[in-house]
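For reference, the structure discussed in these notes is given below.
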Amino acid sequence: ELSAQPEYVELVDKLWRMSEFKKLSPEMSLEDRLSHLQSVAQQIAIERAYGIRIFANEAGEYFERDDETRVRNVADAICRIRYCGLNDDMQREMARLAAGPLPLEITRQFVDVAEERSEREFALYSAHDNTIMALLAQLGFKDWPIPQFAAHIIFELHYDSNTKGHFVRFAYNPDPASKTPVAEYKWMRTPPKDNIVSWDDAMKDLTGQQISCVPLEAFVHNVMHERRSMRSVEEWKSYAGDGGNSEGE
């Protein structure tokens with residue numbers, strides 16, 4: 001649809017003149033050129049973070065606010081299609097593959113602590129924005145905010161001394177530049193069964209709750225069984241193809 005809109009044709013032509021980015025070359029089809037606007041959006045974020053004039057060029061052209069809005073519209077749509085597909089059934093399969101063994105790693109860490117096989121109190125995993133989006137999709141969310149620099153998902157394991165049970169909650173901060181205090185994070189739970197809900201609807205369902213815990217057993221069952229997350233690196237490789245060694249590298 002966008003390829004039929006003249007403003008998007010002019011946008012990729014302008015970006016080509018300003019950047020000479022090979023993937024925006026007029027020799028490529030317009031659809032292919034538009035498909036690379038996610039890379040353009042990432043470059044914009046990098047240059048802004050370093051205080052560089054965006055797409056400085058010798059032609060004297062300027063990257064306008066409307067240009068960035070259009071780039072963002074296309075880039076965001078590409079990200080969501082990549083992990084959510086065109087319908088819920090596509091998302092269930094695409095997200096499961098894209099998230100790989102990461103849900104297994106998270107649930108296994110919690111179970112090991114709960115069953116006193118581990119004394120770990122904190123784990124930090126570094127990831128690309130694509131990993132965050134894949135995980136959000138696998139947890140049952142769509143139309144989530146696109147992660148910006150330093151975006152993160154926090155998973156917490158809590159112990160209730162009254163019930164003698166462990167509980168899980170998690171929160172997503174898509175843009176730490178907003179400086180939202182952790183105390184104001186909205187703590188989430190996965191949708192029931194293998195349901196998929198929009199992020200905004202999930203946030204509305206919180207109805208002001210600051211704590212949204214779910215029993216550890218229910219969390220593991222939902223993520224690993226109802227959502228059919230990969231149970232091993234070997235299973236993931238059998239679906240995705242052998243892209244590395246037995247350690248998944």
Side-chain angles (χ1 to χ4, degrees), residues 23 31-32 34-39 41-42 74-115 117-118 120 123-147 151-155 157 168 170 172 174 188-199 202 214-249:
K23 293 181 179 180
E31 289 78 8
D32 284 342
L34 287 170
S35 72
H36 292 297
L37 289 188
Q38 185 191 2
S39 298
Q42 291 172 337
V74 177
D76 289 1
I78 291 170
C79 289
R80 294 191 176 104
I81 289 174
R82 179 176 294 152
Y83 301 107
C84 301
L86 301 176
N87 55 55
D88 290 354
D89 286 337
M90 288 181 68
Q91 176 169 335
R92 291 184 182 97
E93 291 304 316
M94 295 171 70
R96 178 171 177 255
L97 286 171
L102 182 55
L104 170 67
E105 176 67 15
I106 294 168
T107 55
R108 185 165 54 190
Q109 294 280 357
F110 283 169
V111 170
D112 284 350
V113 170
E115 296 183 355
R117 292 194 299 268
S118 170
R120 175 173 285 183
L124 175 65
Y125 295 89
S126 177
H128 291 287
D129 53 354
N130 289 315
T131 309
I132 291 176
M133 291 186 283
L135 183 58
L136 289 170
Q138 176 61 5
L139 292 176
F141 301 101
K142 61 184 178 181
D143 299 330
W144 13 258
I146 301 298
H152 53 269
I153 304 175
I154 299 174
F155 291 87
L157 179 68
V168 175
F170 65 92
Y172 170 48
M188 311 291 292
R189 63 174 67 196
T190 56
K193 299 182 179 179
D194 66 345
N195 294 349
I196 294 173
V197 302
S198 74
W199 185 260
V214 61
L216 174 60
E217 296 82 359
F219 176 74
V220 173
H221 180 73
N222 179 256
V223 173
M224 296 306 304
H225 298 279
E226 293 179 316
R227 299 191 180 280
R228 298 168 49 243
S229 294
M230 296 295 172
R231 299 188 186 188
S232 68
V233 172
E234 288 70 28
E235 181 186 13
W236 182 41
K237 287 164 65 175
S238 73
Y239 280 92
D242 189 346
N245 59 30
S246 61
E247 299 300 320
E249 296 177 349

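Residue indices begin at 1 and follow the sequence shown. FYI, side chains are in, hydrogens and waters are out, and symmetry mates aren't considered; it's all heavy atoms of this structure.
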* Take Q138 and S229, measure what side-chain hydrogen bond (donor to acceptor under 3.5 Å, both in side chains) needs, and give me the verdict at the end. => CA-CA 8 Å; Q138 176 61 5; S229 294; 2.8 Å; yes
Looking at [atom1] of [X] and [atom2] of [Y], how far apart are the two atoms once the value is rounded to the nearest 0.5 Å?
{"X": "L136", "Y": "F170", "atom1": "CG", "atom2": "CZ", "result": "8.0 Å"}
{"X": "L102", "Y": "W236", "atom1": "CG", "atom2": "CH2", "result": "9.5 Å"}
{"X": "I146", "Y": "R80", "atom1": "CD1", "atom2": "CZ", "result": "4.0 Å"}
{"X": "D76", "Y": "D143", "atom1": "CG", "atom2": "CG", "result": "10.5 Å"}
{"X": "N87", "Y": "R92", "atom1": "CG", "atom2": "CZ", "result": "8.5 Å"}
{"X": "Q38", "Y": "N130", "atom1": "CD", "atom2": "CG", "result": "5.5 Å"}

State, to 0.1 Å, how close [X] and [Y] come at their nearest heavy-atom pair, and which atoms those are.
{"X": "C84", "Y": "M94", "result": "C-SD, 4.5 Å"}
{"X": "P103", "Y": "L135", "result": "CG-CD1, 4.1 Å"}
{"X": "A202", "Y": "M188", "result": "CB-CE, 3.6 Å"}
{"X": "Y83", "Y": "C79", "result": "CD1-O, 3.2 Å"}
{"X": "F141", "Y": "T190", "result": "CZ-CA, 4.3 Å"}
{"X": "A137", "Y": "W144", "result": "N-NE1, 3.8 Å"}

* For the residue pair W199 and Y172, categorise the inter-ring angle as parallel (less than 30°), tilted (30 to 60°) or perpendicular (more than 60°). =>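 If you compare the ring of W199 with that of Y172, the planes turn out perpendicular.
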Flag side-chain contact, heavy atom, 4.5 Å: [X] against [Y]:
{"X": "I81", "Y": "I78", "value": "no"}
{"X": "K23", "Y": "D32", "value": "no"}
{"X": "P191", "Y": "R227", "value": "yes"}
{"X": "M230", "Y": "L104", "value": "no"}
{"X": "N222", "Y": "V214", "value": "no"}

* Working for side chain to side chain contact (heavy atoms under 4.5 Å, CB included), residues H225 and R231 -> CA-CA 9 Å; H225 298 279; R231 299 188 186 188; 3.1 Å; yes
Looking at [Y] and [X], is there a salt bridge between them, counting it only when a charged N and a carboxylate O are closer than 4.0 Å?
{"X": "D88", "Y": "K142", "answer": "yes"}
{"X": "E93", "Y": "R228", "answer": "yes"}
{"X": "R108", "Y": "E105", "answer": "yes"}

